[in-house]
Amino acid sequence: MPRPSSASPLLSLPGAVPAEAPDEGVAAHYGDLFREQRALADGTGFVDLSHRGVVTVTGAERLSWLHLLLTQHVSDLPPGQATEALILSAHGHIEHAVSLVDDGETTWMHTEPGNQEALIAYLESMKFFYRAEVADRTDEIAVVHLPAGSIAEVPGNAVVRETAHGRDLFLPRADLESFAADHGPAIGVLALEALRVEAHRPRLGLETDHRTIPHELGWIGTAVHLQKGCYRGQETVARVHNLGKPPRRLVFLHLDGSEVHLPPHGTPVRLASDGEEGRQLGFVTTSARHHELGPIALALVKRNVPVDAPLMAGSTAAAQEVVVEP
């Protein structure tokens, strides 16, 4: 099991409410969830992601070596260019997901909280004679997220990973409190999760289970490069892409706003016409309350579920939007 995260010092900020699994160790919110979401959408504030695992790879052959292991094309990755990648099992199932950037000397990756130990163990087992050194930097480096549109000044000692969704900073953990004092307001992970669900972006361990393949979540193209050389699980990726369809697909759900409680991760999804006793066709992966859309969710359902069929997430009525085409 992943080791638990240590608590962030920013949990001492006014109004901080600790997050629950899988985000223990940082704040869920600081007292006003919708205000925090609106701030993120407007490009202000920051999100403390210091509970995430940080792994670095150094050495002259780091990128050519990682290229053999990851689903993404990274052998010629330019310094400063952000990307994301997966590590698959031999059968093509997703085992790891990493967000990475190279600064010209070091490849920086962050991954799900506590997942860095298993990731490092796999990388070390595949190193052989390559000139590459893997290190767990979680205890000294914290990840902080600045939203898209933020004009906040980045500290000179931070490594920046910039994407369309914002900037992830790899910041010395010792500087976390001073960064918060200069870059507030602090925003909790629930606000970031609501915007992630709105953007249909999958997350390892929530949208995935032990048999998830990348095609089911729309990770082809963003985290999986279809024209690169061999990597573990590539045969499954190529076969499904060229000859078939994935058995399941990610959908976005608009949930009935009259319900008090959100359906938690794992809640069965069924056809509304079959009722709560009908055959399970999938499950809720993440649910959230959005400042404009109301209660929303992502779910993984069987590919042949009609795209216009009203659904039920547990006892909650749900209208679906297509994320991954059937």
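Note that the numbering runs from 1 along the sequence shown for the chain. Since the structure is predicted, the reported quantities are computational estimates derived from the model, not experimental observations.
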Worksheet entry | Donor-acceptor pair, side chain of R137 and main chain of T56, under 3.5 angstrom | no
Practice prompt. State whether a side-chain donor-acceptor pair under 3.5 Å links D48 with S50.
Written response: yes
Worksheet item: Any donor and acceptor pair, going by atom type alone, linking the side chain of T111 with main-chain N or O of Q116 inside 3.5 Å?
Response: no
Practice prompt. May I ask you to decide if R203's main-chain N or O and E207's side chain share a donor-acceptor pair within less than 3.5 Å?
Written response: yes
Item to complete: Indicate yes or no for a side-chain donor-acceptor contact from E36 to the backbone of G188 under 3.5 Å, with no hydrogens or angles considered.
Response: yes
Worksheet item: Can a donor-acceptor pair be found between the side chains of T286 and R196 at a distance below 3.5 Å?
Response: yes
Side-chain donor-acceptor distances from residues 72-86 under 3.5 Å, at least two apart:
from: Q72; atom 1: NE2; to: T83; atom 2: OG1; distance (Å): 3.3
from: Q72; atom 1: NE2; to: E84; atom 2: O; distance (Å): 3.2
from: Q72; atom 1: NE2; to: T222; atom 2: O; distance (Å): 3.0
from: E84; atom 1: OE2; to: T222; atom 2: OG1; distance (Å): 3.4

Worksheet item: Would V284 and L271 show up in the same hydrophobic cluster when neighbours are defined by side-chain heavy atoms closer than 4.5 Å?
Response: yes
Worksheet item: Are I87 and Y231 connected, step by step, through hydrophobic side chains (Ile, Leu, Val, Met, Phe, Trp, Tyr) whose heavy atoms are closer than 4.5 Å?
Response: no
Worksheet item: Would you say Q37's side chain and R289's backbone share a donor-acceptor pair under 3.5 angstrom?
Response: yes
Worksheet, complete the sentence: In short, ring-ring contact (aromatic ring centres under 6.0 Å, His included) pairs touching residues 78-100 with sequence neighbours left out are none
Item to complete: Could you pull out all residues at least two apart from H215 that satisfy ring-ring contact (aromatic ring centres under 6.0 Å, His included)?
Response: none
Can you give the donor-acceptor pairs under 3.5 Å from side chains of residues 243-256 to other protein atoms, not counting sequence neighbours?
from: R248; atom 1: NE; to: E216; atom 2: OE2; distance (Å): 3.2
from: R248; atom 1: NH1; to: D209; atom 2: OD2; distance (Å): 2.9
from: R248; atom 1: NH2; to: D209; atom 2: OD1; distance (Å): 3.0
from: R248; atom 1: NH2; to: T212; atom 2: OG1; distance (Å): 3.3
from: R248; atom 1: NH2; to: E216; atom 2: OE1; distance (Å): 3.3
from: R249; atom 1: NE; to: R303; atom 2: O; distance (Å): 3.4
from: R249; atom 1: NH2; to: V305; atom 2: O; distance (Å): 2.7
from: R249; atom 1: NH2; to: Q320; atom 2: OE1; distance (Å): 3.3
from: H254; atom 1: NE2; to: E321; atom 2: OE2; distance (Å): 2.7
from: D256; atom 1: OD1; to: S258; atom 2: N; distance (Å): 3.0
from: D256; atom 1: OD1; to: S258; atom 2: OG; distance (Å): 2.9
from: D256; atom 1: OD2; to: S258; atom 2: OG; distance (Å): 3.0

Validation: residues 309-318 side-chain donor-acceptor distances under 3.5 Å, sequence neighbours left out:
none

Fill in: Contacts of type ring-ring contact (aromatic ring centres under 6.0 Å, His included), residue F46, not counting sequence neighbours
F179
Worksheet item: When you measure from the side chain of W65 to the backbone N and O of M126, does any donor-acceptor pair fall under 3.5 Å?
Response: yes
Item to complete: Indicate yes or no for a side-chain donor-acceptor contact from R232 to the backbone of L88 under 3.5 Å, with no hydrogens or angles considered.
Response: yes
